[in-house]
**Q** 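Sharing a structure with you now.
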Number of protein chains: 2
Amino acid sequence: MMTLDQMKDKDIGEIGTPERDKYEFDLRMEVLGNMIKSVRKERNLTQEQLGELIGVQKSQISKLERNTKNVTIETILKVFRALKANVRFSVEMNESEFKVA
Amino acid sequence: MMTLDQMKDKDIGEIGTPERDKYEFDLRMEVLGNMIKSVRKERNLTQEQLGELIGVQKSQISKLERNTKNVTIETILKVFRALKANVRFSVEMNESEFKVA
DNA sequence: AAAAAAGTTGAATTATATGGAAACTTTTGA
DNA sequence: TCAAAAGTTTCCATATAATTCAACTTTTTT
């Protein structure tokens, strides 16, 4: 028997290695992209309409959703604000947890 | 009597205006910067030491903490990973809440 | 099955985040 | 009070995120 974590360690690389870090990062970015898409759909907007709200072309929205790239906080907040959704992020170290708005 | 929100609307600008948006953004970035600083101190590290962990100069850490700039997700994750802290962000729209890892 | 709408992709451009080096300022502690 | 350590700032280079435009593909509608 093998746990999922063990499989990831073996197949992708141990935590801390560049390969594994990239994997974890890409994963989160992918989730983030999907998130934009989900909320947009929830709001019944096309990429073009969302683009208009923010002031960018539909192609830009497409790229954010399919996240070909790393993204800045500003962009994330801009998009979700247009979608009337709240982004909250928090940092937790062991016991304590610091909330960031 | 005036609520804090009313004061902000009046003094900084209504929500949605560029001025107010900038204010709200700067605020969150400031909190984020303070967050880095807090966790770093918690770990008893100097900016230089944290820099070494990541592979950047202390000046770079200073910039992140004082948030002279917008930041990419990657940078944020990189820093907090070095600090062995977990960043979690989630998106909430009205009722439902979507978790991003 | 065509036409229209929605979404994707690639190439190119612009804006800006990342980063280093060095000088400078502030804090710490001997 | 002075020296060392820590933190900040400025100037600069480089990398890359943000963005557009136009052509293309996929999905939806009629």
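Predicted model only: the values in this text are computed from it and were never measured.
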**Q** In this structure, how many angstroms lie between the P atom of dA4(D) and the CD atom of Glu48(B), rounded?
**A**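 Value for this atom pair: 16 Å.
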**Q** Just to be sure I understand the rule, does Gly51(A) reach a base, reach only the sugar-phosphate, or reach nothing, if contact means heavy atoms closer than 4.0 Å?
**A**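 Since no nucleic acid heavy atom lies under 4.0 Å of Gly51(A), the category is nothing.
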**Q** Of Asn70(B) and Val56(B), whose closest DNA chain C nucleotide lies nearer the 5' terminus?
**A**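 Nearest-nucleotide comparison on DNA chain C picks Asn70(B).
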**Q** Could you tell me how far apart Lys41(B) (NZ) and dA6(D) (P) are, to the nearest whole angstrom?
**A**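 It works out to 11 Å between those atoms.
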**Q** From the set dG19(C), dA18(D), dC21(D), return the single nucleotide nearest to any side-chain atom of Lys78(B).
**A**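 Closest of the options to the side chain of Lys78(B): dG19(C).
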**Q** Tell me: CD1 of Ile73(B) to P of dT16(C), nearest whole Å?
**A**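 Those two atoms, CD1 and P, are 18 Å apart.
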**Q** Checking contacts here: which listed nucleotide (dT8(D), dG20(C), dT18(C)) is nearest the side-chain heavy atoms of Lys37(B)?
**A**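 Per side-chain heavy atoms of Lys37(B), the pick is dT8(D).
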**Q** Using atom types as modelled and distance alone, determine if a side-chain donor or acceptor of Asn67(B) lies under 3.5 Å from a backbone N or O of Gly33(B).
**A**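 Between the backbone of Gly33(B) and the side chain of Asn67(B) there is no qualifying donor-acceptor contact (under 3.5 Å).
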**Q** Is there a donor on the side chain of Lys63(A) or the base of dT20(D) sitting less than 3.5 Å from an acceptor on the other?
**A**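 Side chain to base: pair present.
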**Q** Across the strands shown, which category fits Thr75(A) at heavy-atom distances under 4.0 angstrom: base, sugar-phosphate, nothing?
**A**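 Sugar-phosphate, backbone atoms only, no base.
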**Q** How many Å lie between CD on Glu74(A) and C1' on dT16(D), as a whole number?
**A**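 These atoms are roughly 16 Å apart.
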**Q** So does Arg40(B) get a side-chain nitrogen or oxygen closer than 4.0 Å to the phosphate oxygens (OP1/OP2) of dA6(D)?
**A**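 So the side chain of Arg40(B) is outside the cut-off, no N or O lying under 4.0 Å from OP1 or OP2 of dA6(D).
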**Q** Could you tell me whether Glu24(A) and Arg20(A) make a salt bridge, using a distance below 4.0 angstrom between a side-chain N and a carboxylate O?
**A**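 Looking at Glu24(A) and Arg20(A), the cut-off is met.
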**Q** In whole Å, what is the span from the CD atom of Glu65(B) to the P atom of dG7(D)?
**A**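 Atom CD in Glu65(B) sits about 8 Å away from atom P in dG7(D).
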**Q** Show, in sequence, the C-alpha distance, side-chain angles and deciding distance for Asp21(A) and Arg81(B), and conclude whether the side chain to side chain contact (heavy atoms under 4.5 Å, CB included) test is met.
**A** CA-CA 10 Å; Asp21(A) 283 352; Arg81(B) 190 169 50 225; 3.7 Å; yes
**Q** Base, sugar-phosphate or nothing for Ser62(A)? Non-hydrogen atoms, less than 4.0 Å.
**A**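 The residue Ser62(A) makes base contact.
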**Q** Given dG7(C), dA17(C), dT9(C), which nucleotide is nearest the side-chain atoms of Thr72(A)?
**A**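 Closest of the options to the side chain of Thr72(A): dA17(C).
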**Q** Tell me whether the OP1 or OP2 atom of dT9(D) has a side-chain N or O from Arg66(B) closer than 4.0 Å.
**A**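 Affirmative; the distance criterion is met.
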**Q** Taking Ile73(B) as the starting point, is it possible to reach Val31(B) by hopping between hydrophobic residues whose side chains are less than 4.5 Å apart?
**A**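 Yes, Val31(B) connects to Ile73(B) through the hydrophobic network.
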**Q** Mind checking Gln57(A) for me? I need base, sugar-phosphate or nothing, with any heavy atom below 4.0 Å counting as a touch.
**A**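 Touches sugar-phosphate only.
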**Q** Give a yes/no answer on whether the side chain of Lys69(B) brings an N or O atom under 4.0 Å of OP1 or OP2 in dA15(C).
**A**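 It does not, given that no N or O in the side chain of Lys69(B) lies less than 4.0 Å from OP1 or OP2 of dA15(C).
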**Q** Could you give the CG-to-C1' distance, from Leu77(B) to dT18(C), as a whole number of Å?
**A**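 Checked: the CG to C1' distance equals 15 Å.
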**Q** Can you work out whether Lys58(B) or Val71(B) has the more 5'-proximal nearest nucleotide on DNA chain C?
**A**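 The residue closer to the strand's 5' end, by nearest nucleotide, is Val71(B).
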**Q** Find which nucleotide of DNA chain D each of Gln60(B) and Gln49(B) is nearest to by heavy atoms, and output the residue with the more 5' nucleotide.
**A**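 Of the two residues, Gln49(B) wins.
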**Q** What is the distance from CG of Leu64(B) to P of dG19(C), rounded to the nearest Å?
**A**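 Atom CG in Leu64(B) sits about 8 Å away from atom P in dG19(C).
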**Q** As a test of understanding, state which of Arg40(B), Lys37(B), Lys41(B) forms a salt bridge (Lys or Arg N to Asp or Glu O under 4.0 Å) with Glu65(B).
**A**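 Among Arg40(B), Lys37(B), Lys41(B), the one meeting salt bridge (Lys or Arg N to Asp or Glu O under 4.0 Å) with Glu65(B) is Arg40(B).
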**Q** Would you say that more than 12 heavy atoms from the other residues, nucleotides or ligands in this model lie under 6.0 Å from the CE of Met7(B), or not?
**A**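 It does not: Met7(B) CE has 12 such atoms or fewer within range.
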**Q** NA contact type, Thr46(B), heavy-atom cut-off 4.0 Å: base, sugar-phosphate, or nothing?
**A**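 Here Thr46(B) touches the backbone only, sparing every base.
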**Q** Gln47(B) has an atom CD; how far is it from atom C1' of dT25(C), in whole Å?
**A**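 To the nearest whole Å, that distance equals 13 Å.
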